[in-house]
Amino acid sequence: MKNIFRLFNIFILLLIVLFIGLNYIYIKEETNFNKNKLQKLTDKTKYINEYFSINKAFIFSLKDILTNNLQINELSHPAYSEIKEKEDTYNILCVLDNIESSLSGIGKLEELDLDIVQELHSVLYLKPLFKTILNSMHDIQWVYYTSAKNFLYIAPSNEVWKKDFLTNIYKKESWTEASPSNNPANELILTKLYQDSAGKGYLATLSLPIVNNEQFMGVLSIDIGLKTLNSMIHQDNLSGELYLVNEDNEIIASSENFKLNDVLEQNNTTFELSIFNDMIKLVYIENHKEKTISIIKNSLVQVLLLIFILSIIYMLCYLIILNRKVEKLANRDSLSSLLNRRAMRRESEKLVNIANRYNQDISLLLLDIDLFKNVNDTYGHHIGDLTIKEVAKILSKNTRESDLVSRYGGEEFLIMLSNSNSKSAYSLAERIRKEISNLSIENTDLKITISIGCTEYKKEEELDSFINRVDLLLYKAKDQGRNQTVEG
């Protein structure tokens, strides 16, 4: 029972260590998870910011070329002579290195004033830079200039745009939000998502107003497709949802499905990063269930290793306790739980050697239950065994841990007392004898007495000689009438 209790305590202790270890592993992996998450989000933010910054550089390069062209008097572009009229519109289709562009306007050429003509010549010179932008790896859907004078220059395009289409251009957010009435500072703007009327799906537009000599001329625009925006925020194994939103929290891209004009509720937002001068934000909403599963998967090897180590420790403890139990069974009498004869002799040799080395006193008591055969014959072996156990309890109770107590024979007991002379040994023997004489055995009227031999160790004496002397004293006690202690 004691060993089982000890093993149970060890199990509980290891269980506590396991819970502490699991908690430590989880916290450690959660910290690593958060660091990796932050790094991925930071890298993604840099990538998106770089994408928009390059497009900003494109659109400002277009602005610089256009405003410079507008400053040149009598600027002439050779393609201007190829402009054709059709009903109430004029247009031209241009091709440069397989990049098609078109210019379409409302009105008749002969009715255009000189300022419009100069602007047409200036805009046609944007064609090489349009080609460069479209050939870049930025997957631009459209690049175009919308003039306040009712014409549009756009690429890639081989369309001759009709008056209705050109009129609707001025109703789009890329024009209305960029024009001076809504943008008095003439800043670069990013529109929300909208459905492209020319069939290229959902787009967001970067638009920049063009002002020449304090006169609003038109708007330069670059259209970016939703597919491109979504590809920039693919999850990278992040346990949550990613969104790209504008200043009004309207979603313009997401790793999840969303609808046009959806506004992101950010009550559960766990992380937010500003991009492109705060025009857009990268928002990350963490999925705690996915996060927990991910952390558990990442820590599984460490958890298994911890369980393995604790299991090994438990098995080692079990083997140690089992080994001690085996040793105890080998050294203890099974009935009385006292040392058996073999163990007693081994331990007594050690105690004798210590006594010789340090000149210490030791004494021996040899005890024998009187007329024990009559107990077995009269009451049976069960009572006989019970008597042995009760006597053994009295011996154990009255001796010290440093003393050796053994069942030396059937009803014989040998006690070696460390640091004890014959006088103190005799006093102990008498105390034991009297206590045993008052012993009551259950369901019997049995009176137990005991005879004791008592002697003190002689320096350099052999153990067998020591035991033989106390044995002779025991026999003397029996010859003298039993139930007594004989000292010698």
Side-chain angles (χ1 to χ4, degrees), residues 332-333 335-349 351-352 355-356 361-379 381 383-400 403-439 441 446-488:
R332 297 280 170 175
D333 172 61
L335 181 61
S336 65
S337 297
L338 301 178
L339 291 173
N340 58 30
R341 187 186 188 97
R342 180 174 58 82
M344 181 64 180
R345 289 191 63 86
R346 184 180 66 246
E347 297 302 319
S348 296
E349 290 280 4
L351 204 55
V352 167
N356 284 323
D361 293 331
I362 53 174
S363 297
L364 266 184
L365 298 179
L366 185 60
L367 308 89
D368 186 80
I369 300 174
D370 295 328
L371 303 173
F372 184 72
K373 184 175 183 299
N374 292 341
V375 174
N376 282 331
D377 292 345
T378 305
Y379 296 98
H381 288 283
I383 297 299
D385 290 346
L386 184 59
T387 301
I388 294 291
K389 289 180 182 179
E390 293 298 324
V391 170
K393 287 179 183 179
I394 293 173
L395 299 183
S396 298
K397 183 180 72 173
N398 285 278
T399 51
R400 303 163 297 178
D403 298 331
L404 300 177
V405 185
S406 69
R407 185 184 179 193
Y408 205 63
E411 65 271 15
E412 275 189 344
F413 302 89
L414 183 64
I415 302 175
M416 182 171 282
L417 305 170
S418 63
N419 289 315
S420 180
N421 55 30
S422 60
K423 183 178 180 180
S424 59
Y426 182 82
S427 297
L428 174 64
E430 281 297 289
R431 186 167 69 248
I432 290 172
R433 185 182 66 80
K434 291 175 182 178
E435 188 170 341
I436 289 174
S437 67
N438 294 322
L439 180 64
I441 304 300
L446 184 64
K447 295 296 180 181
I448 303 298
T449 62
I450 194 163
S451 301
I452 306 173
C454 171
T455 189
E456 184 177 332
Y457 179 67
K458 297 176 181 179
K459 190 169 177 61
E460 303 299 334
E461 183 181 17
E462 294 292 330
L463 178 62
D464 285 338
S465 173
F466 192 18
I467 294 174
N468 286 336
R469 286 197 299 111
V470 77
D471 190 39
L472 291 173
L473 292 170
L474 171 63
Y475 276 106
K476 187 176 180 180
K478 286 185 174 294
D479 288 342
Q480 293 179 175
R482 301 184 178 87
N483 191 23
Q484 59 186 282
T485 302
V486 174
E487 180 185 4

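Along the sequence shown, residues carry numbers from 1.
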Original post:
Would you find a donor on one side and an acceptor on the other, under 3.5 Å apart, between the side chain of Arg407 and the backbone of Asn340?
Top reply: no
Would you call Met416 and Glu347 a side-chain contact if the rule is heavy atoms closer than 4.5 Å? no
Residues at least two apart in sequence or cross-chain that pass side chain to side chain donor-acceptor pair (under 3.5 Å) with Glu411, listed by chain then number, are none
Open item on the list: Looking at Lys458, I want to see if its NZ is surrounded by more than 12 non-hydrogen atoms of other residues, nucleotides or ligands under 6.0 Å.
Closed with: no
Yes or no on side chain to side chain contact (heavy atoms under 4.5 Å, CB included) for Arg332 and Leu339, after CA distance, side-chain angles and deciding distance? CA-CA 4 Å; Arg332 297 280 170 175; Leu339 291 173; 3.9 Å; yes
When rounded to the nearest 0.5 Å, the distance separating CZ of Arg346 from CG of Leu404 is 10.5 Å
Exercise. With side chains defined as the heavy atoms from C-beta onward, is the minimum distance between Phe413 and Ile388 less than 4.5 Å?
Worked result: yes
In terms of heavy-atom contacts, Lys478 and Asp368 come closest through NZ-OD2, 2.5 Å
For Arg400, the side chain to side chain donor-acceptor pair (under 3.5 Å) test, sequence neighbours excluded, returns Asp403
Enclosure of Glu462 CD (heavy-atom neighbours >12, cutoff 6.0 Å) = no
message = Measuring only between side-chain heavy atoms, which start at C-beta, is Leu474 closer than 4.5 Å to Ser451?
response = yes
- request: Would you mind reporting whether Leu338 and Ser396 have side-chain heavy atoms less than 4.5 Å apart?
  value: yes
message = Measuring only between side-chain heavy atoms, which start at C-beta, is Leu367 closer than 4.5 Å to Glu412?
response = no
Tyr457 meets the ring pair (Phe, Tyr, Trp, His ring centres under 6.0 Å) criterion, sequence neighbours left out, with Phe466
Sorted by chain and residue number, the side chain to side chain donor-acceptor pair (under 3.5 Å) partners of Thr455 (sequence neighbours excluded) come out as Arg469
Here the pair of heavy atoms bringing Ala429 nearest to Leu365 is CB-CD2, 3.8 Å
In this structure, CD of Gln484 is separated from CD of Glu430 (nearest 0.5 Å) by 9.0 Å
Per side chain to side chain contact (heavy atoms under 4.5 Å, CB included), Thr387 is matched among Asn376, Ile436, Val375 by Val375
Whether Ser363 side chain and Leu417 backbone form a donor-acceptor pair below 3.5 Å: no
Lys393 meets the salt bridge (charged side-chain N to carboxylate O under 4.0 Å, His left out) criterion, sequence neighbours left out, with Glu390
Value for NZ (Lys434) from OG1 (Thr449), rounded to nearest 0.5 Å, stands at 15.0 Å
When every non-hydrogen atom of Ile467 is compared with those of Arg345, the smallest separation belongs to CD1-NH1, 3.6 Å
OG (Ser418) and CD1 (Ile362) are apart, to the nearest 0.5 Å, by 8.5 Å
Taken to the nearest 0.5 Å, the spacing of Asn356 CG from Leu351 CG works out to 10.5 Å
If only side-chain N and O atoms count, and only distance matters, is there a donor-acceptor pair under 3.5 Å linking Asn421 with Ser424?
yes
Between Ala477 and Ile452, the two heavy atoms sitting closest are CB-O, 3.8 Å
Would you say the side chain of Leu428 lies within less than 4.5 Å of the side chain of Ile432, judging by non-hydrogen atoms? yes
Residues at least two apart in sequence or cross-chain that pass side chain to side chain donor-acceptor pair (under 3.5 Å) with Asp385, listed by chain then number, are none
Please determine whether a side-chain nitrogen of the Lys or Arg among Asp370 and Lys447 lies less than 4.0 Å from a carboxylate oxygen of the Asp or Glu.
no
_Does any part of the side chain of Asn483, heavy atoms only, come nearer than 4.5 Å to the side chain of Arg433, both counted from C-beta?_
yes
dist Asn438:CG -> Ile448:CD1 (nearest 0.5 Å) comes out at 12.0 Å
Q) Hey, are the side chains of Leu439 and Ile441 touching, using non-hydrogen atoms and a 4.5 Å cut-off? A) yes
Residues Cys454 and Thr485: closest non-hydrogen pair is CB-CG2, 4.0 Å
